[in-house]
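Note sheet for the following structure.
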Amino acid sequence: MKQNKLFKGDLTVSEVGLGAMSLMQGHDRTNTYILDKALELGVNYLDTSDLYDKGENEALLGRLIQSKRKEWKLASKVGNRWKDDGSGWDWVPSKDYIIKAVEGSLKRLNTDYLDLYQLHGGTIEDPFDEIVEAFDLLKQQGKILNYGISSIRPNVFIKYASASQMVSNMMQYSLLDRRPEAYFKQLEQYAVSVFARGTVAQGLMLTKAAQKYLSISIHEVVKIQKVLKETAKDLGVSTLAMALKYPLLHEPVVCSVLGIRSREQINDLANAIEDMNRLSLSDYQPIMELLPEVNYNDHLLP
């Protein structure tokens with residue numbers, strides 16, 4: 001599998017990454033198969049968060065990858081704190097909380113460092129300087145090697161891109177959600193790489209029945225699905241390959257992140273990886289002609 005180096009720093013990741021949120025508690029045999037098979041395929045990027053399963057997703061990874069920790073580029077996220085009664089979470093973007101939270105993540109993940117630590121959201125009202133100080137301090141201490149953000153708010157991610165040492169932004173990005181493309185030139189200008197999540201659009205790019213997606217009507221989704229399947233068939237590739245490859249055909253995307261929870265899905269990925277190598281942007285032309293324009297409407301740049 002192709003490996004992509006981020007613009008900043010020395011972090012190099014596989015062009016397909018694994019979103020650990022999809023791994024299920026109590027299914028260690030299946031989870032171990034998925035993780036081992038992913039490594040065999042050349043996948044090295046593994047993404048989680050202290051928010052997922054109230055920290056139990058991190059703990060699951062800490063158990064299962066302990067003996068192969070150095071083979072993974074391990075990423076987690078911070079900023080959301082579960083309420084004591086478990087009814088929800090609060091946004092806590094403070095220096096003290098970030099410095100405290102990383103200790104919990106490191107303990108659960110059974111590691112002494114994270115390859116990438118990401119602010120899990122953010123608002124323009126957050127104490128920017130304080131947050132950046134926290135990440136810079138953790139980097140100096142060696143507890144994190146790089147830091148980034150996971151945000152689809154342009155006024156937030158562009159501020160961090162322009163005024164901090166963040167190396168990446170994780171964004172929802174797929175054939176059905178091309179909103180990030182309007183900001184790719186700016187992110188590239190600031191040497192910030194993009195991790196694409198939601199690459200299969202909640203399964204709509206695979207076999208899930210059509211439904212409204214963002215501002216795209218169900219009737220439009222049906223048409224897009226039909227042409228996607230026809231195009232994939234004509235090219236002799238899978239729709240999974242087409243979904244994963246599309247983001248990677250755009251700078252500054254370095255990784256398409258995919259959630260996998262079954263043996264069948266990881267085996268499908270094995271086939272898709274070979275297909276991906278044969279795709280170019282021109283192959284998507286029949287689909288592009290059907291895609292309506294979608295844009296961010298909130299949290300825009302001044």
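Its side chain within the 4.5 Å cluster rule, L11 clusters with L6, V13, Y45, L116, V167, M170, F195, V254, V257 among the Ile, Leu, Val, Met, Phe, Trp and Tyr residues.
Here the shortest heavy-atom pairing between N80 and L51 reads CB-CD1, 3.8 Å. Across A241 and Y284, no two heavy atoms sit closer than the pair O-OH, 4.2 Å. Heavy atoms only, all atoms of each residue included: K37 and I266 are closest at CG-CG1, 3.6 Å. Of all heavy-atom pairs between F135 and Q118, the closest is CZ-C, 4.3 Å. The two atoms that bring Y296 and P180 nearest to each other are OH-CG, 3.4 Å, heavy atoms only. Across all non-hydrogen atoms, the minimal contact from F157 to S151 is CD2-O, 3.6 Å.
Looking at heavy atoms from C-beta onward, L35 lies in side-chain contact with L46 at the 4.5 angstrom threshold. With a 4.5 Å cut-off on side-chain heavy atoms, R81 and Y97 count as touching. Within the 4.5 Å cutoff, side-chain heavy atoms of L240 are placed close to those of L258. Here the side chains of I260 and L269 are in contact, with some heavy-atom distance below 4.5 Å. Proximity of Q141 to L137: side-chain heavy atoms (C-beta onward) are separated by under 4.5 Å at one or more points. Side-chain contact check for P292 versus S215: every heavy-atom pair is 4.5 Å or farther apart. For the pair V222 and H219, the minimum side-chain heavy-atom distance is 4.5 Å or more. Residues I144 and K139 have side chains in contact (heavy-atom distance under 4.5 Å, counting atoms from C-beta outward).
Heavy atoms from other residues, nucleotides or ligands lying under 6.0 Å from NZ of K223 number 12 at most. Heavy-atom neighbours of K226 NZ from other residues, nucleotides or ligands within 6.0 Å: at or below the threshold of 12. In this structure, K212 places its NZ atom where more than 12 heavy-atom neighbours from other residues, nucleotides or ligands lie under 6.0 Å away. Heavy-atom contacts from other residues, nucleotides or ligands closer than 6.0 Å to CD of Q211 number more than 12.
A side-chain N or O of S87 and one of D85 form a donor-acceptor pair less than 3.5 Å apart. In the model, H120 has no side-chain atom that pairs as donor or acceptor with a side-chain atom of S150 under 3.5 Å. Checking W82 against D50 by side-chain atom types alone, no donor-acceptor pair falls below 3.5 Å. Neither side chain, Q285 nor D283, offers a donor N or O lying under 3.5 Å from an acceptor on the other.
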*I131 and K95: side-chain contact (heavy atoms from CB on, under 4.5 Å), yes or no, with the steps?*
CA-CA 5 Å; I131 292 170; K95 179 178 180 180; over 6 Å; no

*Just do the side-chain contact (heavy atoms from CB on, under 4.5 Å) check on L244 and M276 with the steps written out, would you?*
CA-CA 8 Å; L244 292 175; M276 288 170 63; 4.0 Å; yes

_For Y213 and E220: C-alpha separation, side-chain torsions, deciding distance, then whether side-chain hydrogen bond (donor to acceptor under 3.5 Å, both in side chains) applies._
CA-CA 9 Å; Y213 190 82; E220 290 173 309; over 6 Å; no

*Give the intermediate values and the outcome of side-chain hydrogen bond (donor to acceptor under 3.5 Å, both in side chains) for residues Y147 and D136.*
CA-CA 8 Å; Y147 66 87; D136 283 338; 2.9 Å; yes

*For K159 and F128, run side-chain contact (heavy atoms from CB on, under 4.5 Å): C-alpha distance rounded to whole Å, both residues' side-chain angles, the deciding distance at 0.1 Å, then the answer.*
CA-CA 9 Å; K159 182 172 183 178; F128 175 81; 3.7 Å; yes

*Start with the C-alpha gap between T123 and D126, add the side-chain angles, then the distance that decides, and say whether side-chain hydrogen bond (donor to acceptor under 3.5 Å, both in side chains) holds.*
CA-CA 6 Å; T123 73; D126 293 342; 2.9 Å; yes

_Assess the residue pair H250 and F184 against the criterion (side-chain contact (heavy atoms from CB on, under 4.5 Å)); give the C-alpha distance rounded to whole Å, side-chain angles, the decisive distance to 0.1 Å, and a yes or no._
CA-CA 8 Å; H250 299 78; F184 280 174; 3.9 Å; yes

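Interatomic distance, CZ of R63 versus CG of L109, reported as 11.5 Å (0.5 Å rounding). The CD1 atom of I273 sits 3.0 Å away from the CE atom of M1 when rounded to the nearest 0.5 Å. Atoms NZ and CG, from K245 and L281 in turn, are 10.5 Å apart once rounded to the nearest 0.5 Å. The distance from atom OG1 of T199 to atom CG of L175, rounded to the nearest 0.5 Å, is 10.0 Å. With values rounded to the nearest 0.5 angstrom, K68 atom NZ is found 6.0 Å from L39 atom CG. A distance of 10.0 Å separates OG of S162 from CG of L187, quoted to the nearest 0.5 Å.
In this structure, S14 contributes its side chain and N44 its backbone to a donor-acceptor pair below 3.5 Å. Checking side-chain atoms of R278 against main-chain N and O of L235 turns up a donor-acceptor pair under 3.5 Å. Panel note: side chain D275, backbone S238; a donor-acceptor pair is recorded below 3.5 Å. Q225 contributes a side-chain N or O that, together with a main-chain N or O of K208, makes up a donor-acceptor pair within less than 3.5 Å. Judged by distance alone, with hydrogens and angles left aside, the side-chain atoms of Q265 form a donor-acceptor pair with the main-chain N or O of R261 at under 3.5 Å. Under the 3.5 Å distance criterion, the side-chain polar atoms of N57 are left unmatched by any main-chain donor or acceptor of D53. Using a distance-only test at 3.5 Å, with no hydrogens or angles considered, no donor-acceptor pair links the side chain of E188 to the main chain of P252. With Q172 contributing its side chain and A196 its backbone, the two residues share no donor-acceptor pair below 3.5 Å.
Applying side chain to side chain contact (heavy atoms under 4.5 Å, CB included) to L176 and the options V200, I224, V294, L214 leaves one that passes, I224.
A salt bridge does not link D115 with K70: none of the charged nitrogens is closer than 4.0 Å to a carboxylate oxygen. No salt bridge links D10 with K5; every basic N to acidic carboxylate O contact stays at or beyond 4.0 Å. The residues D177 and R179 are annotated as salt-bridged, a charged nitrogen and a carboxylate oxygen being separated by less than 4.0 angstrom. We find that E103 and K143 are joined by a salt bridge, their nearest charged nitrogen and carboxylate oxygen being less than 4.0 Å apart. A salt bridge links E58 with R108: the closest approach of a Lys/Arg side-chain nitrogen to an acidic carboxylate oxygen falls below 4.0 angstrom. A salt bridge does not link E15 with K2: none of the charged nitrogens is closer than 4.0 Å to a carboxylate oxygen.
Outside the 6.0 Å centre-distance limit, the rings of Y190 and Y160 are not counted as a close aromatic pair.
The cationic group of R69 lies under 6.0 Å from the six-membered ring centre of Y113 and within 45° of the ring axis, placing it in a cation-pi geometry. Both the sub-6.0 Å distance and the 45° axial angle are not jointly satisfied by K77 relative to the ring of Y117.
Linking Ile, Leu, Val, Met, Phe, Trp and Tyr whenever their side-chain heavy atoms come within less than 4.5 Å leaves I149 and Y52 in two separate clusters. Using a 4.5 Å cut-off between side-chain heavy atoms of Ile, Leu, Val, Met, Phe, Trp and Tyr, with links allowed through other members, V43 and M21 fall into different hydrophobic clusters.
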